[in-house]
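A quick write-up on the structure given underneath.
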Amino acid sequence: MMDDALPLAYRAGDGPVPAPMTLARTATGLHPVINATGVILNGALGRAPLSAAARAAVDLAAGTTDLELDLHTGRRDRRGRTALAALAAAVPAAAGVHVVNNNAAGLALAVAALAGRREVVVSRGELVETTDGFRLPELLVATGARMREVGTTNRTTLGDYADAIGPDTGLVLRVHTASYQVVGFTDSPAISDLAALCADFEVPLVGDCGSGLLHHEPLLAAEPDVTSWLGWGVGVVTTSGDKLLGGPQCGLLLGRADLIDRLRRHPMSRALRAGKLTLAALEATLRHPDSPVRQALRARPERLAARAETLAAWLRRAGIAASAVASRALVDGGTGATVDIHACGCRRGYATGVDQAAGRAACGARGYGCVGAELPSAAVALDAMIAAPLRHGEPAVLGRVEQGCCLLDLRTVPAELDPVLAAAVLAAATEAGAAVLTDAPTEPHGTAPSDTVATVGGSAGMGGSAGMGGSASMGGSAMAGGIPTVAGGSAVAGSIQAPGGAVAAADMVTVESLAIPPIAVADRRAL
């Protein structure tokens, strides 16, 4: 597993070497990307990366297979039966299961099949809009159903649902609002109570769980899971395959056998069905659940810190300003319930490497929330000027920019890619002219005992002393001991000075547990 794996040895003699070109590089316009943003489920990068088992299954399914054929009888059989069996085995609480091409399709199919042109009762506080502009009300109306909004933005009671349910009610819809929170004077009935109410009225309750979590996960205690919702009486639960499950993009529908059978037989089911590659990847993910997402979630912070220190030490010996720093990784913009706008800036900024202040302003104007479960992590801090060359590399590397530093968060980087990441940084630094390159070491070396981590206003630098006569630099821009390191709002790499200003006197530099005043640089041009 990722949290137990030590970084692979760097290539002897020539230093780390990037992955070789393959036929895929010339066959598609897609580019391989190392996700160092610290966002585990990064929508811009295709959300969940597939496991080795899932990739092998896709390769097998790309050929000719028995997708809809029973080889024992020679007769046609149910499409994707082995994937459906794996899904049913993974969630025993579901009497029926079905797979479509994404979660929105699953919700649309459920509304079309169970409500038709009748009413869908839904709380006003759950009429969500996603960051890419998808609006739930528009999807419901597109199916032909009529919305019956109940309650208010912040408060919807069980009585509101009871008053709205009538002869023309097709179903009641409950949506997990993962992308935002309403706090303060709020109210929403427990799912178990709403399920009991729907059972009394003999109206189906459909729940959009969304995150792909099939069972309760202690690390994400606030995140709802499919098994719990089914246990509380929800008739049909829809969720995503490419989020916390760690599989391919698809929509999973689980619930009562009679309701799932109605969905499967609806004409729209054919138009929304999943392809053979998706079914193969989903089955492999369910049967071999140790996916990259699961590994990233459970990676131990101390392992991540050790990797960051090793990688930063190697880069410094190669003449590149690099520091191992503490970081905070995020699960997803639509996952969890912890809000810290100062930590992540905004979802778009965090995910794409845009400076957090600019990203926060852009998202604030659109009303996007900044919701995400945080996990302690470790990163390698570089000068921000290297962010663009890293994105243009082969493979591309996507980090995040915060306070003049480009942070490469290792929670979202598999340990086996550390040598490739080092090679990408070396190449990007050469392109940017931001490093005095020396002969690469033949093997990685651990961080020297004298190395300590210094934090300046949220970013960090590393060195042997507090910036005087040692090998560390602090403040807006500084060099000491001949080895450049990143600290504060900017950094000096080799003989290239990056723009920025001195650290304000009010700021404090924390070296391990000691707080000392930062070094202010009056005239940066004198360096």
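This is a predicted model, so every value here is computed, not measured.
- A donor-acceptor pair shorter than 3.5 Å cannot be found between the side chains of R294 and T285.
- Using a 4.5 Å heavy-atom threshold, the side chains of I34 and V413 count as touching.
- Heavy atoms only, all atoms of each residue included: L136 and L127 are closest at CD2-CA, 4.4 Å.
- The structure places OG1 of T412 at 11.5 Å from CG of L297, a figure rounded to the nearest 0.5 Å.
- A 4.5 Å side-chain heavy-atom check between T239 and L245 finds every atom pair outside the cut-off.
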Assess the residue pair V172 and L194 against the criterion (side chain to side chain contact (heavy atoms under 4.5 Å, CB included)); give the C-alpha distance rounded to whole Å, side-chain angles, the decisive distance to 0.1 Å, and a yes or no. CA-CA 9 Å; V172 174; L194 185 57; 4.3 Å; yes
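- Evaluation of the salt bridge (charged side-chain N to carboxylate O under 4.0 Å, His left out) rule for D242 yields R47 as partners, not counting sequence neighbours.
- Side-chain atoms of L410 and L421, non-hydrogen and from C-beta on, do get closer than 4.5 Å to each other.
- Within the model, atoms CG of D187 and OG1 of T156 stand 8.0 Å from one another, a figure rounded to the nearest 0.5 Å.
- Between A274 and L279, the closest heavy-atom pair is O-CD1, 4.0 Å.
- In terms of heavy-atom proximity, E394 sits nearest to P32 at OE2-CG, 3.7 Å.
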Begin with the C-alpha distance, continue with both residues' side-chain angles, and end with the deciding distance and a verdict on side chain to side chain contact (heavy atoms under 4.5 Å, CB included) for L244 and V331. CA-CA 9 Å; L244 292 175; V331 177; 3.7 Å; yes
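- No side-chain heavy atom of S240 sits less than 4.5 Å from a side-chain heavy atom of Q249.
- For H215 (side chain) and A90 (main-chain N/O), a donor-acceptor pair under 3.5 Å exists by modelled atom type.
- With E126 contributing its side chain and V175 its backbone, the two residues share a donor-acceptor pair below 3.5 Å.
- Between the side chain of R411 and the main chain of P376, a donor-acceptor pair closer than 3.5 Å is present.
- A donor-acceptor pair is defined here as one N or O able to donate and one able to accept, closer than 3.5 Å; such a pair exists between the side chain of N154 and the backbone of F185.
- In this structure the side chain of P224 never reaches within 4.5 angstrom of the side chain of R174, judged on heavy atoms.
- Considering every non-hydrogen atom in both W314 and L426, the closest pair reads CH2-CD2, 4.0 Å.
- The CG atom of L330 lies 8.5 Å from the OG1 atom of T37; values are rounded to the nearest 0.5 Å.
- Taking OG of S123 as the reference point, atom CZ of R155 lies at 11.5 Å (rounded to 0.5 Å).
- A distance of 11.5 Å separates CH2 in W229 from CG in L213, rounded to the nearest 0.5 Å.
- Open room surrounds NE2 on H31; 12 or fewer heavy atoms of other groups in view lie less than 6.0 Å from it.
- When all heavy atoms of A324 and A312 are compared, the closest pair comes out as N-CB, 3.7 Å.
- The shortest side-chain heavy-atom distance between L252 and V226 does not fall under the 4.5 Å cut-off.
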Checking S211 against E217 for the side chain to side chain contact (heavy atoms under 4.5 Å, CB included) test, could you report, in this order, the C-alpha distance in whole Å, the side-chain angles of both residues, the deciding distance, and whether it holds? CA-CA 12 Å; S211 68; E217 172 55 63; over 6 Å; no
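- Using a 4.5 Å heavy-atom cutoff, the side chains of V39 and L45 are not in contact.
- Applying the salt bridge (charged side-chain N to carboxylate O under 4.0 Å, His left out) test to E138 and every residue at least two apart in sequence or in another chain returns nothing.
- Contact check for V91 versus V237: no side-chain heavy atoms found under the 4.5 Å cut-off.
- Residues satisfying the side-chain contact (heavy atoms from CB on, under 4.5 Å) test with S228, not counting sequence neighbours, are D225, W232.
- Nearest heavy-atom pair, L390 versus A424, reported as atom, atom and distance to 0.1 Å: CD2-O, 3.7 Å.
- Legend: residues meeting side-chain contact (heavy atoms from CB on, under 4.5 Å) with A384, ordered by chain and number and at least two apart, are V401.
- Evaluation of the salt bridge (charged side-chain N to carboxylate O under 4.0 Å, His left out) rule for R124 yields E149 as partners, not counting sequence neighbours.
- Among residues at least two apart or in separate chains, there is no salt bridge (Lys or Arg N to Asp or Glu O under 4.0 Å) pair with a member in residues 34-46.
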N103 and D208: CA distance, side-chain angles, deciding distance, side chain to side chain contact (heavy atoms under 4.5 Å, CB included) verdict: CA-CA 8 Å; N103 187 47; D208 180 5; 3.0 Å; yes
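- I386 contributes atom CD1, which lies 9.5 Å from atom CD of E431 (distance to the nearest 0.5 angstrom).
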